[in-house]
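The analysis underlying the following values was restricted to heavy atoms, covering all of them including side chains, and did not include hydrogens, waters or symmetry mates.
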Amino acid sequence: MSNNINKKQLADKVAEQLKISKKDAYTYVTCVFDTMSDILANDGSVDIYGFGKFSVSTRAGRIGINPRTKEEIEIDSTRSVKFKVSKTLKDLVK
């Protein structure tokens, strides 16, 4: 298996480890990701012990400069997901 995996491959690994059908494993993995997405979409955070914490960050709007015309432009505020890795996972990867 390659170093990069997609959701289907992750579900296949779960099915193999738990000795369940691939279809059930895919359903479970999808459910976990959908639940995490819903929580983050509603400004919550997801803290998975031993793995890390997902949270929503807001970057304030600001004035920028168009590099082509040198005009000032207004850049809207944006929201994005941040991930802070846990010490356990950080130590494991070292």
Side-chain angles (χ1 to χ4, degrees):
M1 184 173 269
S2 70
N3 290 334
N4 298 318
I5 65 170
N6 60 30
K7 188 165 67 168
K8 182 185 179 307
Q9 293 166 327
L10 179 63
D12 291 347
K13 292 290 265 181
V14 169
E16 182 181 309
Q17 289 181 2
L18 297 178
K19 295 177 178 41
I20 59 176
S21 73
K22 289 182 179 184
K23 183 178 177 184
D24 286 346
Y26 187 82
T27 302
Y28 300 151
V29 169
T30 300
C31 181
V32 168
F33 288 138
D34 288 348
T35 302
M36 289 173 61
S37 297
D38 289 343
I39 291 167
L40 292 168
N42 291 307
D43 290 330
S45 64
V46 178
D47 192 356
I48 303 170
Y49 180 78
F51 187 74
K53 182 175 184 177
F54 295 88
S55 60
V56 177
S57 172
T58 302
R59 185 173 184 181
R62 62 194 187 283
I63 301 296
I65 296 177
N66 181 334
R68 193 176 271 174
T69 64
K70 308 297 185 213
E71 286 182 44
E72 285 189 350
I73 56 173
E74 186 176 326
I75 300 170
D76 295 335
S77 63
T78 58
R79 293 174 38 163
S80 63
V81 176
K82 286 190 172 184
F83 177 72
K84 183 170 190 225
V85 67
S86 74
K87 183 179 180 335
T88 305
L89 181 58
K90 192 182 293 186
D91 291 342
L92 182 67
V93 172
K94 280 187 176 179

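With sequence neighbours excluded, the residues forming a side chain to side chain donor-acceptor pair (under 3.5 Å) with D43 are R79, listed by chain and number. Partners of K94 under the side chain to side chain donor-acceptor pair (under 3.5 Å) rule, at least two apart in sequence or in another chain, do not exist in this structure. Residues meeting the side chain to side chain donor-acceptor pair (under 3.5 Å) test with R59, sequence neighbours left out: none.
In this structure, CG on D12 lies 4.0 Å from NZ on K8, to the nearest 0.5 angstrom. If you take OG on S80 and CG on L40, they are separated by 11.0 Å, rounding to the nearest 0.5 Å.
At a threshold of 4.5 Å between non-hydrogen side-chain atoms, the residues S86 and K53 do not count as touching. For the pair T35/C31, a side-chain contact is recorded, criterion being any heavy-atom separation below 4.5 Å from C-beta on. M36 places none of its side-chain heavy atoms less than 4.5 Å from the side chain of I39. Residues K7 and V29 have side chains in contact (heavy-atom distance under 4.5 Å, counting atoms from C-beta outward).
Applying the salt bridge (charged side-chain N to carboxylate O under 4.0 Å, His left out) test to residues at least two apart or on different chains, none of the pairs has a partner in residues 22-37. For residues 48-94, the pairs satisfying ring-ring contact (aromatic ring centres under 6.0 Å, His included) are F51-F83, F54-F83, with sequence neighbours left out. Within the structure, ring-ring contact (aromatic ring centres under 6.0 Å, His included) pairs that include any residue of residues 5-36 do not occur (at least two apart or interchain).
Residues N42 and D38 approach most closely at ND2-O, 2.9 Å, considering heavy atoms. Taking every heavy atom of both residues into account, V14 and A25 meet most closely at CG1-CB, 4.1 Å.
Linking Ile, Leu, Val, Met, Phe, Trp and Tyr whenever their side-chain heavy atoms come within less than 4.5 Å leaves I75 and I65 in two separate clusters.
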